[in-house]
Protein chains: 2
Amino acid sequence: MRGEPLDAETIVSATEELLRRHGPNKTTVLDVARQLGVSHGSVYRHFASKAALREAVIRRWLDQVRDELAAAHDPGQPPAERLRALLTAMFAAKWTKAREDPELFATFRVLAAEHSTVSSGHVGFLVAQVRDIIVDGVAGGDFAAGEPDVIARAVVNATSRFHDPKHASEWHSPETEAESAAVVSLVLDGLRAR
Amino acid sequence: MRGEPLDAETIVSATEELLRRHGPNKTTVLDVARQLGVSHGSVYRHFASKAALREAVIRRWLDQVRDELAAAHDPGQPPAERLRALLTAMFAAKWTKAREDPELFATFRVLAAEHSTVSSGHVGFLVAQVRDIIVDGVAGGDFAAGEPDVIARAVVNATSRFHDPKHASEWHSPETEAESAAVVSLVLDGLRAR
DNA sequence: TGGATGACAACTATTGAAATCTGTCAGTAA
DNA sequence: TTACTGACAGATTTCAATAGTTGTCATCCA
């Protein structure tokens, strides 16, 4: 019926567009199909459910955040500075998304509450990044020894207020940046070898 | 009309009872008045609005948490142990309330979102408690020097995941206790003089 | 034959009218 | 005078009927 072949990527893009414009409650599978000029049955050929479609949007969005974090990575720096940079970059990425894409961010929060798999996978990636830096830091004598996995998770938990979407409403406050810096410094002091 | 005089305390107790039994959405001022055998106009003699009444319930409830924390206070211990005890006691108090009084806790979350005054007052009290211990610790050479207010707030922020009602849904997880202990240890290491 | 369609049942959201609630206040009664 | 009442207007909630959505699948067609 149409020239271009309908693929998953096209559907995800159209869905993201609609989510951004109309928000999660006003974006139906029927809307997505209309936007693409196909029947909604065709969308279900590519995604098993509405939830799966939304999940695909969120997943792509989180992958983008992940790539931004990877880009902020500078192996030349000492571990403490690398960790500070990683955490700061993550906060900035989340804060920016929450400010600039509020509709998509709302969708993310809804979905993160429903299917915790996607977001816990994201947290897992983050913990792994932190863990790698801690392992390096311990090996180089910069950080005190300990269980890297436990400590990495403690670092992520201690900074929840600045990256967990549950706290998004607090990120507008002008003190947020200073408070996050204070927590990061406290955490880094806690990691350092004595 | 009735033997006993109607006072604010009696109204708050009746309201708390109904909130606990029926939850925040099903508890009206009319219900409270009915429970007390008075007209709802009498309730408005003591509280300017439904919101003010709810606030009074929450306030009394938070005061109770505050007293529990004060009771857990042992000046004989070293500052690090006092801080650990304070934080642990606060986590336990919140977790218990969330588990045993889910209806009231839901009310608290609703109200904390509406009027942030009450809960930020509570956080302020908590920051002050932490600050006092830090000042003692710095004076005694146990903790590294720094701005006590900034550091105290950082400690409270770093432990948000374990005391902020926004995270209540995560407190059911069996790992919560171990994770909170890891964060507290990390924070205490960050405070210690080197 | 693989991709797309649209009718369909089951479920969820929207709507608007009726019921209930909030907050006020003139009036009652002790 | 003081605590309380109950009628009231305006706001909110409830409920049932209606409309729209989700997900399936027999059918179509290039």
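The figures here come from the full heavy-atom set of this structure, side chains too, leaving out hydrogens, waters and symmetry mates. Residue numbers begin at 1 in each chain, while the letters A, B, ... track the order of the sequences.
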* **Separation of D:dA9 C1' from B:His40 NE2 (nearest whole Å)** => 12 Å
* Whole-Å distance between C:dT20 P and B:Lys50 NZ? -> 16 Å
* Would you kindly compare A:Arg34 and B:Gly41 by the position of their nearest DNA chain D nucleotide and give the one closer to the 5′ end? => B:Gly41
* All salt bridge (charged side-chain N to carboxylate O under 4.0 Å, His left out) counterparts of A:Asp164, not counting sequence neighbours -> none
* **From B:Asp136, B:Asp74, B:Asp132, residue fulfilling side-chain hydrogen bond (donor to acceptor under 3.5 Å, both in side chains) relative to B:Arg82** => B:Asp136
* **Integer-rounded Å distance: C:dG23 C1' and B:His46 NE2** => 16 Å
* To do: Mind telling me whether B:Trp61 and B:Phe105 have parallel, tilted or perpendicular rings, with 30° and 60° as the class edges?
  => perpendicular
* Asked: Between A:Val29 and A:Arg45, which is nearer to the 5' end of DNA chain D once each is assigned its nearest nucleotide?
  -> A:Val29
* Check the distance between C:dG3's C1' and A:Leu36's CG and give it to me in whole angstrom. => 15 Å
* Asked: Which part of the nucleic acid does B:Thr28 contact within heavy-atom distance under 4.0 Å: base, sugar-phosphate only, or nothing?
  -> sugar-phosphate
* **Distance in angstrom units between B:Asp7 CG and D:dA3 P, rounded** => 12 Å
* Candidate list A:Leu30, A:Leu18, A:Thr15, test side chain to side chain contact (heavy atoms under 4.5 Å, CB included), partner A:Gln35, passing option -> A:Leu18
* For D:dA3, does either OP1 or OP2 sit under 4.0 Å from a side-chain N or O belonging to B:Ser42? -> no
* Structure fact -> Of the listed C:dC21, D:dT21, C:dT5, the closest approach to the A:Ser39 side chain comes from C:dT5
* Quick one: are the ring centres of B:His163 and B:His122 less than 6.0 Å apart? -> no
* **Which residue lies more 5' along DNA chain C, comparing A:Asn25 with B:Ser49 via nearest heavy atoms** => A:Asn25
* Specify the separation, in whole Å, of atom OH of A:Tyr44 and atom C1' of C:dG6. => 14 Å
* Asked: Expressed in angstrom and rounded to an integer, what is the separation of A:Leu6 atom CG from C:dT5 atom P?
  -> 8 Å
* Check the distance between D:dT22's P and A:Phe47's CZ and give it to me in whole angstrom. => 14 Å
